[in-house]
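These figures come from a predicted structure and were not determined experimentally. Whatever order the structure lists ligands and atoms in, that order sets their numbers, starting from 1. All values below come from the heavy atoms of this structure, side chains included, with hydrogens, waters and symmetry mates left out. Position 1 is the first residue of the sequence, and the numbers go up from there.
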Amino acid sequence: MPTLLHIDSSARSRSISRQVGAEFAKAWRAARPDGRYVYRDVTTDPVPFIGEGWTQLCDAVLAAGSTDLDRLAAVARTPEQAAAWAVVQPLLDELRSADIVLIATPMYNYSIPAALKAWLDQVTFPRMSLAPRRFVVATARGGAYSPGSPKAAFDYQERFLRDFFAGHYAVTDTVFINAEMANARLDPALAEFRDIHEHSLAQALNTARTLAVEYAK
Ligand SMILES: Cc1cc2nc3c(=O)[nH]c(=O)nc-3n(C[C@H](O)[C@H](O)[C@H](O)COP(=O)(O)O)c2cc1C
């Protein structure tokens with residue numbers, strides 16, 4: 001039974017990244033009624049920042065030269081480390097139980113929201129591999145960052161997540177679905193770009209549906 005883990009991270013309830021992510025989830029669930037669907041919202045149910053106990057766990061993993069995620073629990077020796085592990089374990093189990101990880105994220109300050117970074121910090125340990133899981137990222141951004149656009153080099157959201165999943169999870173085929181120019185909806189100075197935004201959003205929703213059906217096979 002395949003599992004889809006769906007993470008939302010926009011602080012906005014009427015959010016575009018939520019809309020695109022939901023489109024993927026809806027299409028996948030329709031195509032895989034036998035599948036398991038797990039949903040986490042890291043803004044309404046925030047993950048705490050890592051603390052001293054977590055860093056001790058991570059240091060112990062490094063010192064043990066261990067790459068086996070099943071043996072992580074064994075490195076928690078002090079009450080502080082056990083408390084850190086109690087936060088990590090359900091999040092990591094949830095992530096590892098997924099075949100497809102769908103992350104919906106707004107662009108904040110050219111990158112990702114702190115709420116999503118807090119989740120990544122909790123669930124990421126040295127030299128882990130999550131391959132061959134599939135990662136899909138649905139983003140919304142106020143401006144345009146696609147190749148060739150004037151601000152393409154400022155896109156630390158896609159670049160960060162792509163490199164992060166490759167470097168830390170050994171997942172090198174993350175698919176990004178980006179809805180761009182969202183600020184044109186609101187900012188009168190960007191009114192001339194509203195069509196570009198509408199087109200980008202329609203394309204993102206379409207890609208989300210198509211990819212979900214493909215990944216459901
Ligand atoms: C705190 C904050 C920071 C933002 N920073 C950027 C930015 O650096 N570049 C950009 O293009 N848009 C930026 N935006 C606009 C958002 O990317 C845009 O509103 C997008 O639709 C947010 O995704 P959402 O609709 O899923 O919430 C920012 C918005 C907020 C609230």
J.: Can you see which heavy atom on Y37 is nearest to which on A25, and at what distance?
T.: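 Taking Y37 first and A25 second, the nearest heavy atoms are CE1-CB, 3.8 Å.
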J.: Report every pair formed by an N or O atom of ligand 1 and a protein N or O atom separated by less than 3.5 Å, giving atom names and the distance to 0.1 Å.
T.:
from, atom 1, to, atom 2, distance (Å)
ligand 1, 5 (N), N109, N, 2.8
ligand 1, 8 (O), N109, N, 3.2
ligand 1, 8 (O), Y110, N, 2.8
ligand 1, 9 (N), Y145, OH, 2.9
ligand 1, 11 (O), G142, N, 3.2
ligand 1, 11 (O), G143, N, 2.8
ligand 1, 11 (O), Y145, OH, 2.6
ligand 1, 12 (N), G142, N, 3.1
ligand 1, 14 (N), M107, O, 3.4
ligand 1, 17 (O), M107, O, 2.7
ligand 1, 17 (O), G142, N, 3.2
ligand 1, 19 (O), R12, NH1, 3.0
ligand 1, 25 (O), R12, NH1, 3.3
ligand 1, 25 (O), I16, N, 2.9
ligand 1, 26 (O), S15, OG, 2.8
ligand 1, 26 (O), I16, N, 3.4
ligand 1, 26 (O), S17, N, 2.9
ligand 1, 26 (O), S17, OG, 2.6
ligand 1, 27 (O), S10, OG, 2.6

J.: Using a cut-off of 6.0 Å, state whether more than 12 heavy atoms not belonging to R194 lie near its atom CZ.
T.: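 Atom CZ in R194 is packed in, count exceeds 12.
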J.: Taking only residues two or more places apart in sequence, or in another chain, which ones meet F164 in a ring pair (Phe, Tyr, Trp, His ring centres under 6.0 Å)?
T.: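 Once residues adjacent in sequence are excluded, the partners of F164 under the ring pair (Phe, Tyr, Trp, His ring centres under 6.0 Å) criterion are F160, H168, Y169.
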J.: Output the rest of the hydrophobic cluster of L62: all Ile, Leu, Val, Met, Phe, Trp and Tyr residues reachable through side-chain heavy-atom contacts under 4.5 Å, sorted by chain and number.
T.: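 None; L62 is a cluster of one.
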J.: Which residues pass the salt bridge (Lys or Arg N to Asp or Glu O under 4.0 Å) test with D59, sequence neighbours left out?
T.: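 Testing D59 for salt bridge (Lys or Arg N to Asp or Glu O under 4.0 Å), a comparison that skips the adjacent residues, returns none.
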J.: How close do R18 and T43 get, counting heavy atoms only, and between which atoms?
T.: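 Minimum heavy-atom separation between R18 and T43: NH2-OG1, 3.1 Å.
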